[in-house]
Amino acid sequence: MTKIVILTGAGISAESGLGTFRDTDGLWARHRLEDVATPEGFARNPALVHAFYNARRVKAAAADPNAAHQAITRLQAAQNHDVFLITQNVDRLHEKAGSRQVLHMHGVLDGAVCASCGHRWAAPMEMQAGAVCDACKAPSARPDIVWFGEMPYGLDQIESKLRSADVFAAIGTSGQVYPAAGFAAQARGAGAHLVEINLEPSGGAQHFDELRTGPATQMVPAWVDALLAL
Ligand code: BJW
């Protein structure tokens, strides 16, 4: 059974109407990441950070998965390959497409976490500055999102999967944010075949064995069809 590790980024959800970060019209062109995606920014102005994530939570809740998310679900469901899906996305579109195993390494928009005690619960659609933790009642509720300088989720499990991967596919990610940007090199160290599926070749494209360049809604279903025909 071929062991396939898939890493998805914002590009897979672009055709579902959710913005990417670093494209010319992306989120970082309109918001300073130091203000909205760091623990220091949250400490300075929690209301601004909540407003940023509240708006994105509403948009993500209204978005539908596209043919790329659905193709990955089809690959997982076929069960003739061992597929491990990691996403940097916080939007839940993989689950909406029917994927049952998804590792959200950068957290989820529909989750809240207490900065004091670490308790997690389902986020309301609108979070407020000073909202209290469900468990310890400290006024420390924040979105369950991994910001710059914070440790992403699931790294031990990811590293173990990368060590035994036969195929590693990066889909719709610019490869600019670590540690995810280093996964291809880790998988290569294990002898994996590296596939990049992106609208245009990323900055690290030369390190991949196979480039499938174009919109995810066309490229991912075609890649999945090829894998299922093996
Ligand atoms: C399409 C398409 C279509 C468009 N079809 N494709 C110096 C060196 C190395 C590291 C560091 C450093 N200085 C600081 C660091 C660490 C830092 C980092 O990497 N900084 C870099 C900017 C340099 N990383 C961290 O702090 C991370 N934590 C960490 O390192 O902990 C310490 C540690 C870890 C491990 C071991 C030891 C210590 C945490 C990173 C948290 C990232 N958080 C964010 C925001 C929160 C989530 C949210 O609000 O949604 O996560 S940032 C943002 O970037 C978001 C994304 O998940 C992430 C990646 O972005 P992504 O998905 O790649 O999107 P884009 O927009 O960049 O790219 C989209 C791509 O799609 C493009 O290529 C398009 O072409 C393509 N595309 N339409 C196909 N239709």
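Ligands are counted one by one from 1 in listed order, and the atoms in each one are counted from 1 as well. Since the model is a prediction, treat every value here as computed from it, not as a measurement.
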Quick one: do [X] and [Y] end up in the same hydrophobic cluster if we chain Ile, Leu, Val, Met, Phe, Trp and Tyr together by side-chain heavy atoms under 4.5 Å apart?
X	Y	value
Leu7	Phe208	yes
Ile86	Val167	no
Phe84	Met1	no
Ile4	Val102	yes
Phe42	Leu33	yes

Using a 4.0 Å cut-off to any heavy atom of [X], which atoms of ligand 1 qualify?
X	value
Ala14	78 (N)
Pro215	5 (N)
Gly149	25 (C), 26 (O)
Gly9	62 (O)
Val177	19 (O), 40 (C), 42 (C), 54 (O), 58 (C), 59 (C)

Going by distance only, is there an N or O of [X] that falls short of 3.5 Å from an N or O of ligand 1?
X	value
Pro179	no
Ala216	yes
Trp147	no
Leu155	no
Ala10	yes
Tyr53	yes
Asn89	no

Derivation of the side-chain contact (heavy atoms from CB on, under 4.5 Å) call for His106 and Ile145:
CA-CA 6 Å; His106 289 165; Ile145 299 282; 5.8 Å; no
Closer than 4.0 angstrom, basic N to acidic O: yes or no for [X] and [Y]?
X	Y	result
Asp225	Arg74	yes
Asp110	Arg57	no
Arg188	Asp209	yes
Glu210	Arg212	yes
Asp144	Arg120	yes

Below 4.5 Å, heavy atoms only, C-beta onward: do Asp82 and Thr2 meet side chain to side chain?
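SC-SC contact between Asp82 and Thr2 ruled out.
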May I ask you to test the Arg22-Thr173 pair for a side-chain heavy-atom distance under 4.5 Å?
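Side-chain contact under 4.5 Å: no.
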Counting non-hydrogen protein atoms only, what is the nearest one to [atom]? Give residue, atom name and distance.
atom	value
atom 6 (N) of ligand 1	Leu199 N, 3.1 Å
atom 70 (C) of ligand 1	Gly172 O, 3.5 Å
atom 50 (O) of ligand 1	Arg56 NH2, 2.6 Å
atom 63 (O) of ligand 1	Thr173 OG1, 2.7 Å
atom 80 (N) of ligand 1	Glu15 OE2, 2.9 Å
atom 24 (N) of ligand 1	Tyr178 O, 3.0 Å
atom 2 (C) of ligand 1	Gly11 O, 3.5 Å
atom 74 (C) of ligand 1	Asp23 OD1, 3.5 Å

Within 4.0 Å of [atom] (strictly less), any protein heavy atom?
atom	answer
atom 15 (C) of ligand 1	no
atom 67 (O) of ligand 1	yes
atom 11 (C) of ligand 1	no
atom 35 (C) of ligand 1	yes

Closest candidate by heavy atom, reference [atom], pool [options]:
atom	options	answer
atom 45 (C) of ligand 1	Thr8, Val146, Leu7	Val146
atom 37 (C) of ligand 1	Met151, Glu150, Met105	Met151
atom 22 (C) of ligand 1	Met219, Gln176, Gln88	Gln176
atom 51 (O) of ligand 1	Glu159, Glu196, His106	His106

Pick one of side chain, backbone, both or neither for how [X] approaches ligand 1, counting any non-hydrogen atom pair under 4.0 Å.
X	value
Ser202	neither
Thr20	both
Ile145	side chain

Would you say the ring centers of Phe52 and His31 fall short of 6.0 Å from each other?
yes
Between Thr8 and Leu85, does the side-chain contact (heavy atoms from CB on, under 4.5 Å) criterion hold? Intermediate values first, please.
CA-CA 8 Å; Thr8 63; Leu85 174 60; 4.0 Å; yes
Minimum-distance pair of heavy atoms, taken over all atoms of Pro139 and Gly130
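Minimum heavy-atom contact is CB-O, 3.5 Å.
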Please state whether Gly26 comes within less than 4.0 angstrom of ligand 1, counting heavy atoms only.
no
Indicate yes or no for a side-chain donor-acceptor contact from Thr38 to the backbone of Glu34 under 3.5 Å, with no hydrogens or angles considered.
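Looks like yes, one N/O pair under 3.5 Å.
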Test item: Ser16 side-chain N/O and Asp64 main-chain N/O as donor-acceptor pair under 3.5 Å
yes
